[in-house]
Every structure is written in C-alpha cells, then in structure tokens.
There are 2 protein chains.
Amino acid sequence: MAKRAPSNRIGISDVAAKAGVSLATVSRVMNGNQSVDPKIAARVQSAAAELKYQPNPIGRNLARGKTETIGVVVPDLGNPTFQTVLRGVSRAAAQDGYRVLIADSSEVSSEEAILAGEARRRCDGVVLCAPRMSAAELEELAPSLQPMVLVNRTTNVPNSPSVMIDYGKGIQDLAGHLADLGHTRIAYVAGPASSASNALRLVGLEKFSRTHPHIEVVHLRNGSTFEDGYESANDVLSSGATGILAFNDLTAMGLLSSLNERGIRVPEDISVTGFDDIPFARYTTPPLTTAAAPIMEAGEQAWAQMRELLFGNAITEAVRVFEPHIVVRGSTGVPHGKDSTAES
Amino acid sequence: MAKRAPSNRIGISDVAAKAGVSLATVSRVMNGNQSVDPKIAARVQSAAAELKYQPNPIGRNLARGKTETIGVVVPDLGNPTFQTVLRGVSRAAAQDGYRVLIADSSEVSSEEAILAGEARRRCDGVVLCAPRMSAAELEELAPSLQPMVLVNRTTNVPNSPSVMIDYGKGIQDLAGHLADLGHTRIAYVAGPASSASNALRLVGLEKFSRTHPHIEVVHLRNGSTFEDGYESANDVLSSGATGILAFNDLTAMGLLSSLNERGIRVPEDISVTGFDDIPFARYTTPPLTTAAAPIMEAGEQAWAQMRELLFGNAITEAVRVFEPHIVVRGSTGVPHGKDSTAES
DNA sequence: ATTTATTGAGAAAGCGTTTTCTCAATCTGT
DNA sequence: ACAGATTGAGAAAACGCTTTCTCAATAAAT
C-alpha cells in the first residue's frame, strides 16, 4: 500500500502540524509522557481535541508490540458454560482496558489448534477452553500460545496456569447431602463418556465411596440432554436407588419429568439432584437441589491469571480451583421409610 | 520501540534470507500472488515451512489498512438474545475468515458510544446492538462507525442497514392463534416500558385489534422475569381474559407456575402463550405455545449485511426483517364452554 | 537479428505509531 | 561567569508487513 488514497482519517501528523510541533511530541502528549512543557502539551491537547484526533490502535499495536486484546478460544459459543466463561473474562479484562477476541471452533476440534494459534498472533495472550483436546496435542500447542491460561484442565507445560471448577467436590457434596438425609443406595446417571467434567465427577464419587463404605453407589450410563435424562428413568427405577445424582440440571429435569409422568413422587419416593444451577433449576417442580458452579468467577480469575502472566513479576504457576456450592431445594428429602434427617 | 530486543519471533526477512530472495517475493508467495516463478515459490514455501513462519497479522493489518475483524457491541453479554446474536455473527463471519471482537457495555449505556468507537477503530466494521440508545445519539454516532449494521433498530442515517426481528408480527400471530381457538377476551401482560421489543409488540397488537374488532384486548403492566410473571396472576385472573399473551417465555412460565398453584387448569380454563421459544419452553407443564424468534439467523444476516458493506458493489440500504414463527404446544386450547375450534 | 512486449524479482516507500538518539537551550554549583 | 548536569523537543529508526516502482532478463514479433 503506497501512495494511494490520501487517507482522509486524521492522524498524528495532522495534530503535529496544527500544534506546530513534531510527531514525537504529539505522541508523548497522547501517552502522558511527563517530559513535555505543560504549555506545549496544552497546545497539543487542544489541537487534538479540535481535530477530534483518535490515535489509530493498529499503528500503535505495531509500534508497541502489543494489542491490549486477548483471545478466548471456546469449543462452542452456544454452550452456556462457555458463554459464561467468556462473559467473566470479558468483564474482568475490560476493567483493565483489555478487549476480547472470540474464537469459536464450533466443535470442530481439528481446527482448534489452528484457531488458537491465529488468535494468539492477533492478541497478547489466549484463554483456552479445549476440553476435548488430547493432552499430547495440548502439550505441543501450549508453548506457542503463551501467555496462555487454561480453563477446566491442566497441563504440566511450565508457566501454564489454570482455573478449574472442582466438579468432583461438587458431586461429593451432593452425594454427602443424600447420605446425610439417610439414603443408602445412590445412583449416578453419568454424562457423555468423552466429557472431561464427567471424568472429574467420577473421581469425586470414587473418593466419596471410600469415605462412605456403607453406601452403595451404582453407575448408569447416559448423556447430557433433557431427553437423555427423560430416558434414564427406566434404568434409574430398576437400580433400586432412592437418591439420584443426575449429570447436570438438564438431565435432572428430564428425569423429573419422566418420574412425574409415572406418578413417582419427588422427593418422597426418590430424591434427585442436578448440577450447574442453571436459572431454571429453581422453577422445576419440585425445585431442584443442585450444585452451583461459579463459572463466571472462574472466567474472571482466568483474566486475573492472564494479567499476572502479562505484567506479573512472580512466575505464576498456580491452578486456581473453584468449588461448587450445593443449593438444597425441594427435590431431595428423607428417603421412604425414614422419618428424620440423620446429620453426619 | 527501537533496537531493543532482537525479536526472537521469526519474520518475513528470515524466510527471505533462507530462501535467498527478497522480502517482496516472500510476501508475494504468502499472498498467493501469481507473478512469481513456481520454482522460487516452492523454495519460499519450504523455507517458510521449515522455519514454521507465520505472518504477523499486526504488521499486515497496518500495511493493508484492515484487520479482518469486526466488532460486536452488546449491552449485556449475559442476555441470551445477545449471546445468540453474537454467536450468529461470529459463525457467519468465520466462514469468510473474519473474527469478532466483543464490546460489552455491561448495561452502562453512557459508555456505549465510546466503546463502539474504540471497537470500530480496531476493526473493519461494527455490528451494533444498542436498544436503549436514543435515536438522536445513534444518529450522531452512526456515521463515525460505518461500516456498521444495526440489530433490532433502524436509523435514517444513509448506508446503515439493519436486521430486525418482527416482534409485532409474532405477537399478532399468537393473538390470531388464540382468536382462531375461539378466545374473545385476550390479555397482554406487557414487558418493561423501556423495552424496544415491548413497544414493537404493542404496535402489533394495535394492528391486531384493528383487524379483529370483535376481540377485546386488555393490557396489563408487568416485567420480564419469571417472578414478574408469577406475580401477574392476580391481574390476569381479574381481567377476565381466557387467552393470555405473556411478554416472553420466562413470564409465561412464572404465570403458569402461579396458575398451577391455584388449581387453575391450562389450557382448559386459561390459555397462555410465551415469546422467544427458549429451550425450556417445551418442557413446561403443559408445554408452552410460543413464538420462536430466529435470532441466530438474524446474527448471521447481520454479517451478511456487513459483508455487503465491506466488499459489496451495490449500496446496501436494506432492512432485513425476520418473522418469528409460532410453535403451538399444549398451553393453548379452546376456551371453556366452546368445544370445537373455529378456524378463521 | 533487432525492436517491442512480457514476465519476474528486487529496492524502496509507505501504513501510523512509539521510542531511541541527538543536540540545543536552560539550570545548577562554585 | 564557565564547565557540567538537566530538561525538552525534533529527527529518524523501528515495528513487520504490502505494494508500487523500476529495471533486468527473457519471450514474442517483425
């Protein structure tokens, strides 16, 4: 791009001309550099104001070698979890004057690495949500993405902090809640096998079983949608469990719906819990006991980690863990036959 | 930024050196310029590949005067509507190799104009969702934002296309559906007064009343949340209407919940409709009759409009309107006393 | 075989800033 | 008053590319 187009946009040189100073001085004034005579500074300021001069960020980016923008890579912008992470990151970053570029791989995981790389080149750093990416691929990719922070997974690549939701702890707490109520046979209606957060729940249940040997935990395969939950009813009933841990709120609602149609009372006959505390969880009949994951906070912390990487002195190597907190509503209660809560 | 930091990142000059050609040639090869000897091109390609050279988009942006990025300004990233618009824009733009920078004003409407301007300077164009901005302010802002496309509002500033959801048509169709079922007294439980889409619904109802003079339409003030819907039950019942048009699915669900508690049967005693067709609308009891707004399509079309502005030959001045389509489920039926549908 | 058209690649001028370098002018201390 | 320390502003180099300009080397035409 050479001498074409007289570039109507007004630039730093226009201001310099109007104020009768050099480009360098204008730049200094615009950046609040102190080493400039207040008188001249004022002259530049007013010239800039009169011309409504706005520095061109692109030129600035090149000169400074940074964009004040970070990329957020998500596998699916339609997924409420990632929407919320995105929102948390965006809000927190905005506080520090940073913007967010989105890279939605639309579930095409083969594109993920490329997309992340492109985003990284345009930005000062990347927040990566890539639950399905293999550990090996991540390990290879991570160094080229730094500064990078991971969401809901970790890697042992140096200088790659993470924020995590402790799904294992959440499911443990829910199981504990059912145990406290007196349930002795609990069923976990699992999510998709490929889901990383499902794996974390399984680890949590493992731990639960070890600390509660007298409680039977049966595992049922299932999915993550309302329909999956609906269709799990047969398995649930034949499992003989009185307390059901659904994979998430959606499947819990599906299950609730099916149980309701069959005339099975919740929580009198069967207790049901969800996970996530989506907005509608409180409006089901009965309102759903669930574990609320502080996803937005996680997003905000992802920015905090990124900020550490960008301007931090200390070498951050942290994994910040967020624990879901359970919210008890009407879908859980004392199992049939018992008539008093048994607090542990 | 002068001679500091030997800039470890490999650049175009490294490739040029390795391939034994000039920078210009490397650039030409990287951009698929035909006027380069295939032999040399191959040499450059392999040099680039060996060095894993990736062009720096920032330098490229400056040289080309464009970023292949568009900004999407939304008033609240937590609002499902804007999330969906964002997703639609992002997906469609990605098809053409464009990325999206998000600018969330977090409901601070005083910041909206500034944010939009900043986004514009970093991007090649802006998709603006600013339902609350005054027409005057928009008119003043619009020229400085172009190329710009508006979502769910219009302006008479030249070259400022829009995509719109026709909320008026949607509510008319829902009212028409109730009329067809035989309802003669219909209540509209309005949304927030400040809401632009509420205003559009009112206009639609106006039109409906004109074409259906024999049907009474009463207006009730209300809000946009589940709770608002729940609390509207008294007004609804005392209105004497048998068909209720709730502002949206959320308020409809609140109303449904309250009616259910009072033992009022839906749709036998009262028919209820929502608006939006949120994912849970199909899972209420009874499943909710509602109007589905094709928001994601609108987002996709917003990109289509933007593309026209960016590379289009014709001067686009279009307003693209998307009509909601009603989806009839179990929450509407023939009013008490009638026993057959009366098709119009 | 000589002139003209064509292809192809290098040199260099941007793109709009920031920042280093440089040097004149003003200030300090004695 | 004079050498040395400061302050302050302009000139120019960078940032990493793209693209025009220019010109040598071929191919085509007479």
Side-chain angles (χ1 to χ4, degrees), chain A residues 1-45 47-48 51 53-68 118 120-124, chain B residues 1-45 47-48 51 53-68 118 120-124:
Chain A
M1 181 155 290
K3 42 205 62 162
R4 280 292 137 67
S7 182
N8 40 5
R9 249 190 63 74
I10 63 163
I12 202 171
S13 59
D14 300 297
V15 179
K18 176 150 195 142
V21 299
S22 74
L23 309 194
T25 301
V26 177
S27 172
R28 283 190 273 254
V29 173
M30 297 314 289
N31 293 294
N33 190 322
Q34 290 305 330
S35 83
V36 65
D37 187 323
K39 260 178 124 154
I40 297 193
R43 212 164 73 219
V44 172
Q45 297 280 21
L51 296 171
Y53 167 69
Q54 305 277 167
N56 176 332
I58 304 182
R60 186 187 285 230
N61 286 346
L62 184 56
R64 296 222 276 220
K66 59 179 186 176
T67 62
E68 304 201 306
E118 284 185 353
R120 175 60 185 83
R121 260 168 264 132
R122 290 193 144 69
C123 301
D124 299 347
Chain B
M1 179 154 295
K3 42 205 61 163
R4 281 291 137 67
S7 182
N8 40 5
R9 250 190 62 74
I10 63 161
I12 200 170
S13 59
D14 300 298
V15 180
K18 176 147 192 144
V21 299
S22 74
L23 307 195
T25 302
V26 177
S27 172
R28 282 190 274 256
V29 173
M30 297 313 289
N31 294 293
N33 189 322
Q34 290 305 329
S35 84
V36 66
D37 187 321
K39 259 176 125 155
I40 297 195
R43 212 165 72 218
V44 172
Q45 296 281 20
L51 296 171
Y53 167 68
Q54 305 278 164
N56 176 332
I58 304 182
R60 187 188 284 230
N61 287 346
L62 184 57
R64 295 220 277 221
K66 58 179 187 175
T67 62
E68 303 201 307
E118 283 186 352
R120 175 61 184 82
R121 259 169 265 132
R122 288 193 146 68
C123 300
D124 299 347

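Basis for what follows: all heavy atoms, side chains included, without hydrogens, waters or symmetry-related copies. Proteins come first, then strands; the chains are lettered A, B, ... in the order of their sequence lines, and each starts at number 1.
- The distance from atom CD of Q54(A) to atom P of dT17(C) is 11 Å, rounded to the nearest whole Å.
- Judged as a side chain to side chain donor-acceptor pair (under 3.5 Å), and not counting sequence neighbours, the contacts of D124(A) are T67(A).
- I10(B) places its CD1 atom 9 Å from the P atom of dC17(D), with the value rounded to the nearest Å.
- T25(A) comes within contact range of the sugar-phosphate backbone alone, with a heavy-atom separation under 4.0 Å but no base atom that close.
- Contact annotation: side chain of R64(B) to base of dG16(D), donor-acceptor pair absent below 3.5 Å.
- Checked against dT17(C), dA11(D), dT19(D), the side chain of I12(A) finds its nearest nucleotide in dT17(C).
- The CZ atom of R122(B) sits 13.5 Å away from the CZ atom of R122(A) when rounded to the nearest 0.5 Å.
- What you find for N61(B) and K66(B) is that their closest heavy atoms are OD1-O, 3.1 Å.
- P55(A) comes within contact range of the sugar-phosphate backbone alone, with a heavy-atom separation under 4.0 Å but no base atom that close.
- For dG16(C), the OP1/OP2 oxygens have no side-chain nitrogen or oxygen of Y53(A) closer than 4.0 Å.
- Annotation: the terminal axes of the helix from dT2(C)-dA29(D) to dT30(C)-dA1(D) meet at 40°, where each axis is the rotation carrying the C1' atoms of four end pairs onto the next four (5 pairs per end, rounded to 10°).
- Here the closest heavy-atom approach between residue K18(B) and residue A47(B) is recorded as CG-CB, 3.8 Å.
- Residue contacts shown for N31(B) are limited to sugar-phosphate atoms, with no base heavy atom under 4.0 Å away.
- The shortest distance between side-chain heavy atoms of R60(B) and N31(B) falls below 4.5 Å.
- Taking all atoms of both residues into account, the shortest heavy-atom contact from L23(B) to I12(B) is O-CD1, 3.8 Å.
- To the nearest angstrom, C1' of dG10(D) lies 7 Å from CZ of R28(A).
- Applying the 4.0 Å criterion to OP1 and OP2 of dG16(C), one finds that R60(A) has every side-chain N and O outside that range.
- Nucleotide dC17(D) holds its C1' atom 13 Å from the CG atom of D14(B), rounded to whole Å.
- If you measure from atom CG of L62(B) to atom C1' of dC15(C), you get 4 Å, rounded to the nearest angstrom.
- Counting any heavy atom pair closer than 4.0 Å across all strands shown, I40(A) reaches sugar-phosphate atoms only and no base atom.
- When rounded to the nearest whole Å, the span between NZ of K66(A) and P of dT17(C) equals 17 Å.
- The distance from atom CG of L23(A) to atom P of dA14(D) is 17 Å, rounded to the nearest whole Å.
- Across all non-hydrogen atoms, the minimal contact from L51(A) to I10(A) is O-CD1, 2.6 Å.
- Distance CE (M30(A)) to P (dT19(C)): 14 Å, rounded to an integer number of Å.
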